[in-house]
Each structure stands twice: as structure tokens, then as C-alpha cells.
Amino acid sequence: MDYTIATPVASRSLSGKLLGLTIIWLLLAMTSIGYTLVLSWKLEGGAAAINDAGSLRMRSYRVALLVSEGSSPASIAREEALFSDTMSRLQRGDPARPLFLPDNHEVREQAARIVDHWQQQILPMMARAQSAQNSSNILPALNMNDFVNHIDLLVRLIEEDNARNTTLLRLFQMALMAMAIIGAFTMMYLMFLLIIRPLNALGEGIVQIRDGELSARVPVVGDDEFAVLSAGFNQMAGRLQELYATMEDKVRDKTRSLDDKNRQLTALYGVTAFLHQSHDLHQMCAGFIERLVQLNRADAASVRLIDSKRGRLEAVAQIGLPDELIHAHDCAHIDSCYCGAAIDQPTAVIRLFRELPQQEQKHCERAGFRGVSIFHIRANQQNVGIFTLYFRDQTALPPQEQFLIETLGNHLGVAIENLRLAARDRQFAVSEERNLMAQGLHDSIAQSLSFLNLQVQMLESELGDHESEQARENLAFIKAGVQECYEDVRELLLNFRTRISKQDFPAAVSTLLQRFEQQSRVLTQYQLHGNGLPLNPEQQLQVIFILQEALSNVRKHAQAQRVDIDISNHDDFVLRISDDGCGFDEALLAARQARHVGLSIMQERAARIHATIRIEAGAGGGTVVTLTLPHSERQAT
């Protein structure tokens, strides 16, 4: 369903209509106001013209009076000039005052008659009266009343024109009032018609939608903005009605999807937690496929690891497979079954078996299975093996299930690889410990036994020659050698049983020195100073072994009377072992170092904790062994 809302043409929009009506009303109002202003201006100019025209009567009588009284020619001339100026101003007009005669032909003709009468009759008669000795005989001939009547007629004509203009002004004012009233009612009606009524309709529709009447619609009238809103409202209501009608289905689908995801997460967590527990390979693989069988409702499952050298798939665990399929030799070869062919595929392989004529059936088909799903076991992007789910009906796993099972297969691959790495670490640890045992035996017991063997041969020879004195001396050597060999065995046993914690390190050093004094009757002096970081258990163990080996060398070779052990625990850990024995020849030691197993053991133990060991002659004789563990290898634990 298309819910696109078309935009109306701008000329037919509500804003266009309102703008057009406003412009029309404004033009009418401005025109009426303009006419009113023009009429007011004309009335003002007419009133000024009436005032000046009325002053002409006074000036004409004044001129006649001045002439009759025989006033000075200058006064008479001034009044005549004022009359002429007033008359000229009336005819010319003065927009600044304003002052002008009405634009009326009759008024203009009357003004022209007054000017002509003034210039043709009044002024010549006044000139003759001024030149005559007796002006009383001439003044009656001026006929001022007739002239004043012409002026009165002009004033009356101007007043009539002003009266007409006043009537027009009132008409325009009333028209403005009518326009204001009509415009107000028109705007109210248009506001109701174009805005309020559509808004009311939309409001009623919203109320109906709010009350659950999703079938409510509003009428679409015209093609303005409210028509667009009404159409959009109807489309929205239709969409809501459609969504509400299918809401239960959508909720059911979403619930099913969430249940599937929760099931997948639960399965992923359960299998991952199981794989992180301690199991052997068979238990781990059996528990893994057992959970997959329950998760995917499979009828059987198996796990096989790849032996690429022999080109075989070695079975590790299986559930629900018949005996003939378990012991089928063809299934063990990579190139002879569906499982082997799936190894080189990048993703899982789903096979549904269909009964086709003249088609060779594999063992899984003959066992009654109608479909298999084969998944890879990978670790570090390498194929470790495969696991297969067997179905007695044609079951095709959906893509999300395949992705989940592939992810679980990767976890199984990591767990298998961890088992292999742990086994290799154990083998390496056993081999390393055997090497240390061999080195210790070679450096102590083997040399003592070699010495005893030589003494026994000498004793046998001396007994044959009946040299009893020499035999007794050799017997004493043999006894001392046996005792030394016994002490070496006890020392090795103590080394192998040593377990030290952080708090036991000083006590372990003190116990070791006490035992050394008891065995060798050599005095020891022990000093521990500094407040640096404690050694971790591995570092403590190797330091104790190095100290034991150094004391053993003192007991066997140094012929010392005193041994000083100084431990400085600051930024660097420094163990210094010095004796007052016979010392050693550095050239001879360097030549025999490769055959001196004890020194090699000390070097190896120091290298294991990234420390350095230095053996040098003491300043006053004897030997100094210095072990240094730098601060860069010390961490808070």
C-alpha cells in the first residue's frame, strides 16, 4: 500500500487563498482611504479658497472707500495689489496651504469674469476718480454691488462644490465602515470554512482514533494543506487499522523469534560452560554432541578428528549410531564418505537422502537415516575434525540454526586445542623436570658412584696383593663416598619436595643454612635487608635451588670455614654467597664449565627467571657467587 501524500499546487493552497483575499481587501481599503484623503485635501483647499474669495469683497469695498475719501495713491495702489494677488492666488492655487479653486468649469468661468470685471471696469474707474478733483461724481458709476455679487456667486459655487465633496467623503467613510464590517465577517467565515471546520473534523477523527475507532475517516475537501492533512490522517488511520489487525500475528512472530534467540543463547551458554569445565577428550566430545542432539532433536551424532597423515577420521564419541555404522571401516577414510568429503567445504554441509535408482548408498543411508548435517570443528582457522548430526527424517536445519551450531563447533575446536596444549605443557614440564633430575643426579650421585667404583677396583686389587693397610685406607674412602652419596640423595629429595610461599622465603633460607651447617660443620652468616617487592613463587623456588647448589659446591670443593649469605631486596634483588675457602682457577673453570653440571644447572635456573649469575674469586681468597634479578622482572603479585 502506497502512503505517499501529494503536495497541492501552490496557487490552490490555503496560504495562497488567504494571501489573495488579504491583498484584494487591502487594495480596496487603500483605494477607499486614498479617495478619502483626496476628498479631505480638496475640502481643505476649497475652504481656503472660500476664505480668500470672501476677503475679495472686503478689499473691493476698502478700495472704493479709500478712493472716496481721497486717500493717498500709495494706499489705494497697495490695496489694489493685495486684491490682484489674492485673485491671482485663487486662480493659480497653492498646494502647500493647500488652496485652490475646485476643478469645476463654472467656478473657473466665474473667477475669470471677476478678473475681467476688475481689470476692465473697476480699475479704470478708480484711476479716473483719483485724477478728478471731485471723486464723488465718479464713485456711483463704479457699481461695486454688482462686482461684489460676482464675488458672492464665486463663493457660493465653491461652497456647493465643497458640499458635494463632503457628501462624497461621508459616503466613502461609510463605505469603509461597511468594508470593515463585511471584511471582518468574510474573514471569520473564511477562517471557519478554510481552517476551523477542517481542524474540527481532524480533531473529531483524532478523538475517534483515540477511543479505538480505527475505521474513522475525515472528509477530504479541496486540494489545500488541510486536504493533504486529511488525506494523510486517513492513510495513517488505515495503516493503524492494518497494523492492529495483524498485531497479534506480529507479536506471536516476535515472541517466537525471541524464544528462538533465547534458546540459542541458552544453548550457547550451556555448551560453552560445559566446554570450560575439566574433562578428558572423550567426555568433552560426548557431552557436546549429547547437548546438540537435545537442542536439534537429532536421532544420532558423532565426533571424529582428522588424522591428515593417515587420511583418516578417528572416532572420538558417538550417540545413537548402530553398531554396523560405528564399526564401518569405509567411514574411517576421508575420501569414502559424505563426512570426509565435507572437510574441504567452507561451511556446513546438509545432505538429504532421496531414493534414486541405481545409486550406491552410503552406510548412513543403509542404517535408515534420511539426512545428515555435517559441521566443522575449527581452531585458529584450521580444521580439527567434524561432528555429524543424523536424522531419520529429511530435516533441513534453518540458516540461524546452522550458524549457531557452527559457532559451537568453533568453541569445541578451541577446547580440543586447549586440551592438546595442556597435554604438551605437561609433557614439557615432565621433560624439563626429568632433565633437572638427570642434571642433579649426574652432578652429585653419578660422580660419587664413579668415585666409589674406582675405589672398589683399587680395594679389590689391594686385597689380592694382601696390602691390608692400603685396603683399609681405600675402605675409608669408600665409606666417606657412600656417606657423601647418601647426603646428595637426601639433598635431591629435599629439592624435589620444596614448596615455598611468599611468607616462608626467609624461613626457608634459614632452614637451608641450618641443615648446611649440620652436614658440613661450616659456619654461616645470613643477612636480609631492603623492603622491595617480594619474589613470586617461581622466583623464590629458583633462588632457593641456586642457593642449595652454591652451598653444595662449597661443601664439596671449597674447604671453607665460613660462608656469608647477603640478600639485598631493593629495586633489584641481589643474592651474594661468599666463602673463605680455597677459591678456584678461573681458566680451569672456564675450560671445565661445559662438563660441570652444577654450574650449568645454576645458569639454567637463573635464566628461567630472567636473572644473571656471576661467579668470581673473592678479594681475600675464596669464591663469590652473585645472583641479580633486575627490577624490570619484578611485579606486584
Side-chain angles (χ1 to χ4, degrees), residues 256-257 259-268 270-272 274-275 282-306 313-378 383-413 416:
R256 187 183 303 110
S257 176
D259 290 341
D260 291 341
K261 291 187 183 323
N262 288 334
R263 183 176 59 83
Q264 292 175 2
L265 288 175
T266 302
L268 181 60
V271 173
T272 304
F274 170 77
L275 293 178
H282 174 74
Q283 291 175 342
M284 182 172 63
C285 293
F288 176 81
I289 59 175
E290 180 181 357
R291 285 163 173 77
L292 286 187
V293 166
Q294 295 175 357
L295 178 65
N296 298 277
R297 299 179 179 86
D299 298 293
S302 65
V303 176
R304 285 175 284 180
L305 301 184
I306 299 174
L313 292 173
E314 296 296 337
V316 178
Q318 59 82 26
I319 293 178
L321 292 181
D323 292 339
E324 62 269 18
L325 188 57
I326 295 174
H327 301 293
H329 296 288
D330 292 343
C331 292
H333 295 283
I334 291 179
D335 299 330
S336 61
C337 67
Y338 294 137
C339 298
I343 293 176
D344 296 330
Q345 301 300 319
T347 58
V349 176
I350 310 298
R351 284 189 174 272
L352 303 178
F353 305 142
R354 295 175 176 84
E355 294 182 1
L356 298 177
Q358 298 179 353
Q359 180 180 12
E360 182 183 358
Q361 290 184 335
K362 299 294 184 180
H363 290 282
C364 48
E365 294 180 75
R366 292 196 294 270
F369 295 109
R370 306 303 300 161
V372 293
S373 298
I374 308 164
F375 297 89
H376 298 88
I377 303 174
R378 289 193 174 102
N383 284 331
V384 177
I386 59 170
F387 62 95
T388 307
L389 300 178
Y390 301 85
F391 299 91
R392 296 197 178 276
D393 54 359
Q394 292 189 346
T395 302
L397 297 175
Q400 60 270 21
E401 292 289 338
Q402 295 182 32
F403 178 76
L404 172 64
I405 298 174
E406 288 177 349
T407 303
L408 295 176
N410 292 334
H411 283 277
L412 177 61
I416 293 174

Hey, could you give me the [atom1]/[atom2] distance between [X] and [Y], rounded to the nearest 0.5 Å?
X: L292; Y: I405; atom1: CG; atom2: CD1; answer: 6.0 Å
X: M284; Y: L412; atom1: CE; atom2: CG; answer: 5.5 Å
X: H282; Y: Q318; atom1: NE2; atom2: CD; answer: 8.5 Å
X: D299; Y: R370; atom1: CG; atom2: CZ; answer: 12.5 Å
X: T266; Y: L295; atom1: OG1; atom2: CG; answer: 9.5 Å
X: F375; Y: L408; atom1: CZ; atom2: CG; answer: 9.5 Å

Between I416 and C285, is any pair of side-chain heavy atoms under 4.5 Å apart?
->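 Counting from C-beta outward, I416 and C285 do come under 4.5 Å.
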Do T388 and R304 touch side chain to side chain, with heavy atoms closer than 4.5 Å?
->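 Answer yes - side chains close enough.
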Does the ring centre of F288 sit less than 6.0 Å away from the ring centre of F387?
->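 Aromatic pair counts; centres sit under 6.0 Å.
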Going through the checks in order, is the side chain to side chain contact (heavy atoms under 4.5 Å, CB included) test met by N383 and I377?
-> CA-CA 6 Å; N383 284 331; I377 303 174; over 6 Å; no
Salt bridge (charged side-chain N to carboxylate O under 4.0 Å, His left out) involving R256 - partner list, sequence neighbours excluded |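 Here the qualifying residues are D253.
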Side chains of R378 and N410: do they bring a donor and an acceptor to under 3.5 Å?
->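 Side-chain D/A pair, R378 to N410: absent.
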Heavy-atom closest contact ([X] atom, [Y] atom, distance):
X: G287; Y: F274; value: CA-CZ, 3.5 Å
X: I306; Y: G385; value: CG1-CA, 3.6 Å
X: A286; Y: A317; value: N-CB, 3.6 Å

Residues in side-chain contact (heavy atoms from CB on, under 4.5 Å) contact with D259, at least two apart in sequence or another chain =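 Expected list: T255.
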Please identify each residue that fulfils side-chain contact (heavy atoms from CB on, under 4.5 Å) with I319, with sequence neighbours left out.
->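 Per chain and number, I319 pairs via side-chain contact (heavy atoms from CB on, under 4.5 Å) with I289, E290.
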Check step by step if side chain to side chain donor-acceptor pair (under 3.5 Å) holds for S302 and Y390.
-> CA-CA 9 Å; S302 65; Y390 301 85; 3.3 Å; yes
Are any side-chain N or O atoms of R297 and backbone N or O atoms of V293, one a donor and one an acceptor, separated by less than 3.5 Å?
->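 Such a contact is absent between R297 side chain and V293 backbone.
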Side chain to side chain contact (heavy atoms under 4.5 Å, CB included) between V372 and L389, worked out | CA-CA 6 Å; V372 293; L389 300 178; over 6 Å; no
